[in-house]
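Scroll down for the structure; my scribbles are underneath it.
Chain identifiers are assigned alphabetically (A, B, ...) following the order of the sequence lines, protein sequences preceding nucleic acid strands; residue numbering begins at 1 within each chain.
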Amino acid sequence: MLQPLDRILPRVQKPARYTGGEFNSIVKDWERVAVKVALAFPDVYEVGMSNLGLGIIYHLVNAREGWLAERVYAPWPDMEAELRRVGLPLYALESRRPLADFDLICFSFAYEQCFTNALTILDLAGLPLRAVERGDDAPLVMAGGPSTVNPEPMSPFVDLFLIGDAEEALPELLERYEGWRAAGGHEKVEFLRQAARMRGVYVPRFYDVTYHPDGTVAAITPNEPAAPPKVRRTVVRALPPLPVKPIVPFLETVHDRVAVEVMRGCTRGCRFCQPGMATRPVRERSTDEILETIDAMLRNTGYDEVTLLSLSTSDHSTIDEVATRLAERYADQHIQISLSSLRVDSFSVKLAEAVSKGKKSGLTFAPEAGTQRLRDVINKPLTEEDLLRSVETAFQRGWNGVKLYFMVGLPTETDEDVEGIVTLIRKVHALGKHYRGHRAEVRVTISTFVPKPHTPFQWAAQAEPDEIARKIKILQDGLRVPGVKLSWHDAGDSRLEAALSRGDRRLGEVIERAFRKGARFDAWGEQFKPALWDEAAAECGLDLSWYAYRRRPLDETLPWSHIDSGVAEAFLRWDYRRSVREETTPDCHYDVCSACGLHKTFEPCTTLFNATVEERVAVRKAALAAGRGRG
Amino acid sequence: MRLRLLFRRGEAVKYLSHLDLMRLFVRACRRAGLPLAYSGGFSPSPAISFALPLAVGVVGEQELVDLGFSEDLAPEALLAALRPQLPPGVEALDAWPAGGKALTRTITAADYTARFETDRSRADLEAAIADLLARDSLILERTRGDKTRTFDLRPLIVSLELTDWQEGEAEVTMRLVAENNRAGRPDDVLAALGMDDAPAVYARRALHFSEPIR
């Protein structure tokens with residue numbers, strides 16, 4: 001007898017995306033488990049399996065005897081068509097049960113262009129898309145992940161957002177859910193009322209949004225006593241131990257290796273960087289924990305590649321020790337070690353060299369802007385000398401190539417800044433030629449700046465496509481040099497990202513209409529259909545360009561102003577003003593505290609804040625005393 | 001030294017590709033702490049060689065792979081260490097020292113069964129098989145990427161028979177040539193019987209070699 005999947009899987013690309021059964025995946029006895037969670041990642045398997053957060057949550061939930069977590073990813077359009085053709089509901093990989101059989105469906109939103117895929121998942125599960133239309137017997141739909149710091153565009157579809165670190169908050173939420181069900185709870189709204197009191201929980205239906213005639217938000221007001229006026233992002237004080245038995249995929253995934261988050265949060269304060277602002281404070285893992293975790297993960301997976309992850313790996317306090325000990329330990333084991341997000345300096349080159357073992361592939365730096373002025377504007381105050389010295393060291397030490405990331409369309413950017421990129425790359429390439437001859441290669445990736453919520457640039461406009469195209473042309477013309485490879489992202493794609501990331505609740509309707517018209521995998525260049533989005537927006541009387549290209553006045557009520565990331569809006573405004581004046585803001589890891597807001601809730605930050613204040617007061621007193629003395 | 005492993009690839013893992021299966025064995029060996037040998041050079045690759053790639057969607061009952069190790073390893077030790085590291089659906093059946101030529105050089109043929117849904121009668125299917133076997137040649141086209149090439153299917157079919165028939169479902173068993181650079185595919189044979197679009201499941205039952213494999 002043929003199984004139902006045997007009728008469809010032979011007809012799709014990469015059927016192993018849909019079969020599960022990987023080593024270290026966990027299949028529990030359905031009947032003996034009280035809380036069943038489907039973890040849904042709204043992109044294809046190979047992308048979802050590379051997501052660190054979802055892997056952590058999978059093992060966190062499965063660690064409890066009475067709970068289970070299974071996985072589901074967005075089916076590629078060929079699989080979606082097959083599921084619809086035979087009328088098979090979307091199922092979770094472990095038990096192959098339909099999603100609608102689970103108690104909770106828990107989405108991870110890693111980027112905005114996956115929103116339509118989330119609707120595909122709900123639709124293929126046979127569930128109504130709108131939260132309020134799903135009955136009390138339907139699964140509770142939750143969402144977390146980086147993009148939920150502005151939950152508004154997806155708020156019509158989600159019962160409950162959990163904003164921030166999930167490691168402590170999610171188990172607490174599931175415990176409450178289990179208790180509520182055990183006590184005979186049935187009406188979802190009862191549970192939502194209980195949950196809304198928890199830190200990090202946002203229940204969209206408990207808030208009303210009103211708009212001014214010009215379309216901007218007038219007010220966001222709770223309509224339910226349990227719902228706080230401001231939802232505070234959850235923060236773990238210390239990073240919990242990582243699960244050391246990650247699932248080993250059969251397919252080659254995007255990041256097919258052991259990945260260890262060595263540090264969460266970042267204090268460098270790059271003004272365009274959402275994770276840098278919205279995942280503060282900095283929390284590190286110790287050298288021993290990192291080494292033991294990597295060791296266990298390698299033994300449990302059989303991987304031959306390790307990468308250390310963080311927003312700025314060179315800033316980890318003991319990173320040189322970590323790198324040295326890793327290199328020693330895995331010297332002769334065919335294990336490749338890589339470090340992500342390195343600061344632009346010679347220290348980073350030394351780190352990369354320590355772990356490279358002669359195989360010097362890919363050293364990546366992100367200067368982001370071509371002139372000192374613009375680097376000060378974005379608060380990435382590295383100097384040209386820093387960059388040139390770093391690449392020189394790299395070429396001297398045996399690298400043939402470096403990879404550089406820049407952005408165009410940054411606030412205040414002029415053609416001079418763009419020409420600055422050309423000049424800088426030519427200098428880098430000249431150094432390469434000097435040391436490596438014709439083998440020298442400089443790979444340059446240009447991305448379009450997208451203003452993001454909870455950053456000092458959240459009020460800034462995105463540059464329009466013509467402007468971006470013109471600037472890309474300047475780069476193309478200036479960099480027709482053998483040995484320099486230029487690549488860039490399409491500016492049209494980033495308009496959708498810009499609109500969705502700073503969108504309000506009304507965009508939910510646009511997302512749903514775009515989905516109904518066939519929008520899928522909007523982050524995948526060849527799948528992205530911008531015309532559908534414009535049609536959908538027009539039908540709702542909205543314009544995506546208004547969301548993307550409009551500069552917001554500093555006193556506008558932003559659609560995400562009821563979400564407290566920990567970094568205060570007042571600080572962001574202060575920092576934005578500094579940016580316009582081309583003033584940098586120091587990194588509190590090495591310098592004084594700038595009172596970003598974390599000092600109000602995170603004790604180590606409070607200490608630094610108080611020390612900074614005392615120092616300032618002492619300086620001021622001394623100045624006053626000196627002034628009186630003169631007078 | 002090389003050890004030869006006889007294994008089964010079952011239903012649970014039949015949708016893996018050849019490369020997926022290769023990765024699976026390398027990682028299982030690494031988890032088991034087995035001293036896999038690596039080729040020299042700038043990007044060393046593990047010494048692992050399958051007798052014949054198994055297509056996506058096909059169960060393999062009696063598959064063979066040669067694994068190279070940098071240290072001496074007893075076949076029993078390989079089996080004991082490897083078994084706990086294999087995902088459900090992959091079974092290590094037996095192992096012995098690999099002697100003689102590489103499997104890829106001595107393989108000659110493979111036996112397959114294909115089970116498919118059909119509303120055709122037993123007689124009708126038997127006639128189609130007889131017609132196909134009576135031909136001298138059957139030129140087909142195969143497209144891979146943007147390249148299309150033609151090949152003759154008929155000489156690749158060593159034997160073909162109807163081995164089961166029930167209302168709505170039938171099974172054929174076949175032996176197909178499986179040499180280094182020319183190998184028959186069971187789905188091509190089904191298509192040649194006029195069953196292009198029939199839902200079907202495939203299993204490779206056995207491999208045949210020109211020299212003893214033990």
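- Checked against the 6.0 Å centroid threshold, A:Tyr45 and A:Tyr73 count as a close aromatic pair.
- Atom CG of B:Asp197 is surrounded by 12 or fewer heavy atoms from other residues, nucleotides or ligands within 6.0 Å.
- No more than 12 heavy atoms of other residues, nucleotides or ligands lie within 6.0 Å of CZ in B:Arg135, so this atom counts as exposed by the packing criterion.
- With a 4.5 angstrom heavy-atom cutoff, B:Gln166 does not touch chain A via any of its atoms.
- Of the two parts of B:Leu21, neither the backbone nor the side chain holds a non-hydrogen atom closer than 4.5 Å to a non-hydrogen atom of chain A.
- For the set B:Pro87, B:Pro88, B:Ala12, the count of heavy-atom pairs under 4.5 angstrom toward chain A peaks at B:Pro87.
- If you measure heavy-atom distances from A:Asp304 to chain B, the contacts under 4.5 Å come from both the backbone and the side chain.
- The aromatic rings of A:Trp524 and A:Trp76 sit perpendicular to each other, their planes meeting at more than 60°, with 30° as the lower class boundary.
- Annotation: B:Arg8, atom CZ; neighbour count of heavy atoms from other residues, nucleotides and ligands within 6.0 Å is above 12.
- Taking 4.5 Å as the heavy-atom cut-off, the residues of residues 9-17 of chain A that approach chain B are A:Leu9, A:Pro10, A:Pro15, A:Ala16, ordered by number.
- Residue B:Ala200 touches chain A through its backbone alone, counting heavy-atom pairs closer than 4.5 Å.
- Residue A:Asn300 comes nearest to A:Val248 through the heavy atom pair O-CG2, 4.4 Å, listed as atom of the first residue, atom of the second, then distance.
- Around the CZ atom of B:Arg149, the shell of radius 6.0 Å holds more than 12 heavy atoms that belong to other residues, nucleotides or ligands.
- For A:Tyr303, the parts lying under 4.5 angstrom from a heavy atom of chain B are both the backbone and the side chain.
- Ring centers of A:Phe250 and B:Tyr15: at least 6.0 Å apart, outside the cut-off.
- With a 4.5 angstrom heavy-atom cutoff, A:Thr19 touches chain B only via side-chain atoms.
- Looking at every heavy atom in both residues, A:Glu70 comes nearest to A:Ala92 through OE1-CB, 3.3 Å.
- By the neighbour-count criterion of 12 heavy atoms within 6.0 Å, atom NZ of A:Lys28 is densely surrounded, having more than that number from other residues, nucleotides or ligands.
- Of the listed residues (B:Arg31, B:Gln85, B:Glu11), the greatest number of heavy-atom pairs within a distance under 4.5 Å of chain A belongs to B:Arg31.
- The closest side-chain heavy-atom distance from B:Ile107 to B:His208 is not below 4.5 Å.
- Within the 4.5 angstrom heavy-atom criterion, only backbone atoms of A:Leu5 (N, CA, C, O) approach chain B.
- For B:Val13, the part sitting under 4.5 Å from any heavy atom of chain A is the side chain, from C-beta outward, and nothing else.
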